[in-house]
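Notes to accompany the following structure.
Since this is a predicted model, take the numbers as computed values, not measurements.
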Amino acid sequence: MPKEKPGIPKGTRDFNPLEIARREMIFSQIRRVFELHGFRPIETPAMENLSTLMGKYGEEGDRLIFRILNSGDFPARVSDEEWQSRDAARLSARICDKALRYDLTVPFARFVVQHQHQISFPFRRYQIQPVWRADRPQKGRYREFVQCDADVIGSDSLVNEAGFMQIIDEVFSSLGLNVEIRINNRKILAGLADYIGHPDRMEIITTAIDKIEKIGMDEVCNELLEQGLNHDAIEKLKPVLLLPGTNASKLEALSGLLQGNQAGMQGIAEIREVLDIVAVTPTDCELTFDLTLARGLNYYTGAIIEVRALDVPMGSICGGGRYDNLTGIFGLEGVSGIGISFGADRIYDVMISLGLFPDAPGIYSQLLAVNFGPRERDYCLPLLSQLRAGGVRCEMYPGFAKVKKQLQYADKNGIPFVLMAGEEEMKSQLYSLKNMQSGEQKTLPASGVIEELAREGG
RNA sequence: GUGGCUGUAGCUCAGUAGGUUAGAGCAUCAGAUUGUGGUUCUGAGGGUCGUGGGUUCGAGUCCCAUUAGCCACCCCA
């Protein structure tokens, strides 16, 4: 029998203790800031009904949803004709009722509608859980990754938008990352589409101009041409997208152009108000109004936000926006919400490449008791209990290995103190305590050991 | 879904114009007089060279297929 090679699905990862410690550092900062802003945690299941997810992320999104094959005799429910059709989308809908969650926003919308009678609005929740996408993995792209979402639902006040700017600023400051927050507004993009005479082509226009930075203006124009926009429209659009200057001057110029366009002017007014509110509080991050920011997720209706690391090329590490009617699809109309999502895994990757993690943030025992034999072991165990009662992490080496081996174990696991007690120590009711960093060794009574560990900041 | 690159020990890689028993470093384990680690020294285990076919007297090396991983596009955290 050939042995099975160990492995995990591509795009997924194992995390060792050091990586966990570092990831936990990111999660705890994000959690701390969310809670400081009054958000409260919820959790939802890893899997949702497939129907809950389908159609919420656009055509591309549907394809990237991980489906879960039904249990039992699922083929019996499928006709021969359906099998023969070989239509993946149709078939999967017949043999899969469930799917892994693709993001946290749609499950949250479902949660809100389902529990609307227990929720008082506006509702501020946060959620830190993994999501899954059947994407082809590459740098900064995983098939399983953790999103850290915060949303306010049931309030259309722009204070929320400003609040999220604040949160983003605080999270990245606390992690020591330099970032640029970019903000735009879907209403401005709608106004722009209208302005160039293609009000119905907003989706195409936005996804095209989103690529300006990547492929350049010329390529974007080519793409728009291919999509059926005429020359005049594109020529009209060009100078707008290249508007130079500060946030204020860009907004000024834009409001001149979009005069009389209701959606556009409203978008401009919204951005201005958000910027004004943000200006009241001090922020570290760059906050730029960027007309070319056009996030694809099709449920955004107002503000759209994206954050990028300044010192490392990486996709967006945080994104979000306002959605006016996400709960509508589940039957709760007229509830506006806004939320953001931190991509913990990308933040981790950025911090690794910048070397921002402290050297040894791991959690390990502070003391190892060397195990000389049954009597010596039983002599030490009560002291270990006492130490733990005082909050000192400690452990007894299992089994009676050579002392050399036991010390090696302490060394490799970064355990700073080793407790040794054999014949001699037991006779005089003492313990030998070795400091692994200095090599220094003291012989002390139990109380002395406890004091020493307390002094070392256990 | 489309394209490019790669696949030799647990890990990182060497491997020369195809030629004998495929190497190194790290890691692991064991020893250097039996209660003292991190340094050093010695030794050991571990590979059907991703898989399948082909060319050849002979293939880790050349050709084809297949598979896995990485990178880019698409889209996104």
Residue pairs passing the ring pair (Phe, Tyr, Trp, His ring centres under 6.0 Å) test where at least one lies in residues 88-107 of chain A, sequence neighbours excluded: A/Tyr57-A/Tyr102
Pairwise P distance, B/G46 and B/A22 [rounded to whole Å]: 14 Å
Nucleotide paired to B/U2 in any strand shown, Watson-Crick or G-U, under 3.5 Å: B/A72
A/Arg101 and A/Glu48 ion-paired at < 4.0 Å: no
Rounded distance in Å between the P positions of B/G47 and B/G4: 36 Å
Spacing of A/Tyr397 atom OH relative to B/G37 atom P, expressed in whole Å: 14 Å
Close side-chain approach of A/Arg63 and A/Glu59, heavy atoms under 4.5 Å: no
Sugar-phosphate only, base, or nothing, as touched by A/Phe342 at under 4.0 Å among non-hydrogen atoms: nothing
Under the side-chain contact (heavy atoms from CB on, under 4.5 Å) test, residues paired with A/Thr443 that sit two or more places apart: A/Leu430, A/Ser432
Distance in angstrom units between A/Tyr142 OH and B/C71 P, rounded: 8 Å
Sugar-phosphate, base or nothing in reach of A/Cys148, heavy atoms under 4.0 Å: nothing
Nearest to side-chain heavy atoms of A/Gln138, which nucleotide of B/A72, B/G1, B/U36: B/A72
Note: A/Arg13-A/Asp345 ion pair, threshold 4.0 Å (strictly below): yes
Base paired to B/G23 (Watson-Crick or G-U; both N/O distances under 3.5 angstrom): B/C13
Flag side-chain contact, heavy atom, 4.5 Å: A/Leu387 against A/Ile450: yes
Whole-Å gap separating P (B/G38) and CG (A/Leu368): 15 Å
Sugar-phosphate, base or nothing in reach of A/Asp103, heavy atoms under 4.0 Å: nothing
A/Phe145 CZ to B/C76 C1', straight-line distance once rounded to whole Å: 7 Å
Sugar-phosphate only, base, or nothing, as touched by A/Gly58 at under 4.0 Å among non-hydrogen atoms: nothing
Atom pair distance, as rounded to whole Å: NZ in A/Lys404 and P in B/U40: 12 Å
Residue A/Glu423 excluded, over 12 heavy atoms near CD under 6.0 Å: no
Whole angstrom value for the distance that separates C1' of B/C76 from CD1 of A/Ile340: 17 Å
Presence of donor-acceptor pair under 3.5 Å, side chain of A/Arg141 and base of B/C74: yes
Protein-nucleotide distance (A/Lys402, atom NZ; B/C29, atom P), rounded to Å: 13 Å
P spacing across the pair B/A17 / B/G53, given as an integer number of angstrom: 29 Å
Sugar-phosphate only, base, or nothing, as touched by A/Glu424 at under 4.0 Å among non-hydrogen atoms: base
Atom CE of A/Met47 with >12 non-hydrogen neighbours under 6.0 angstrom: no
Proximity to RNA chain B (any heavy atom under 4.0 Å), residues of residues 429-448 of chain A only: A/Lys434, A/Met436, A/Gln437, A/Gly439, A/Gln441
Listed nucleotide nearest any side-chain atom of A/Leu407, set B/G35, B/C71, B/G37: B/G37
Ionic contact status for A/Asp151 with A/Arg125, cut-off 4.0 Å: yes
Non-neighbouring partners of A/Ile352 that pass side-chain contact (heavy atoms from CB on, under 4.5 Å), sequence neighbours left out: A/Arg22, A/Tyr348, A/Phe357
Candidate nucleotides B/C74, B/A77, B/C29, ranked by approach to the side chain of A/Lys211 - the nearest: B/C74
Ionic contact status for A/Glu161 with A/Arg322, cut-off 4.0 Å: yes
Nucleotide opposite B/A65 in a Watson-Crick or G-U pair, distances under 3.5 Å: B/U51
More than 12 heavy atoms of other groups within 6.0 Å of A/Glu43 CD: no
Touch class at under 4.0 angstrom, heavy-atom based, for A/Glu425 against every strand present: base
Residues in contact with RNA chain B, drawn from residues 284-293 of chain A - heavy-atom cutoff 4.0 Å: none
Whole-Å gap separating P (B/C75) and OH (A/Tyr57): 18 Å
Parallel, tilted or perpendicular, as decided by the 30° and 60° cut-offs, for the rings of A/Phe39 and A/Phe164: tilted
Side-chain donor/acceptor contact of A/Asp411 with base of B/G38 under 3.5 Å: no
Min side-chain heavy-atom separation A/Tyr126-A/Phe342 under 4.5 Å: no
B/G31 to B/G19 separation - P atoms, rounded to the nearest Å: 41 Å
Near-strand residues of residues 123-130 of chain A, defined as heavy-atom separation under 4.0 angstrom from RNA chain B: none
Sugar-phosphate, base or nothing in reach of A/Gly319, heavy atoms under 4.0 Å: sugar-phosphate
Side-chain N,O (A/Lys412) to OP1/OP2 (B/U28) below 4.0 Å: yes
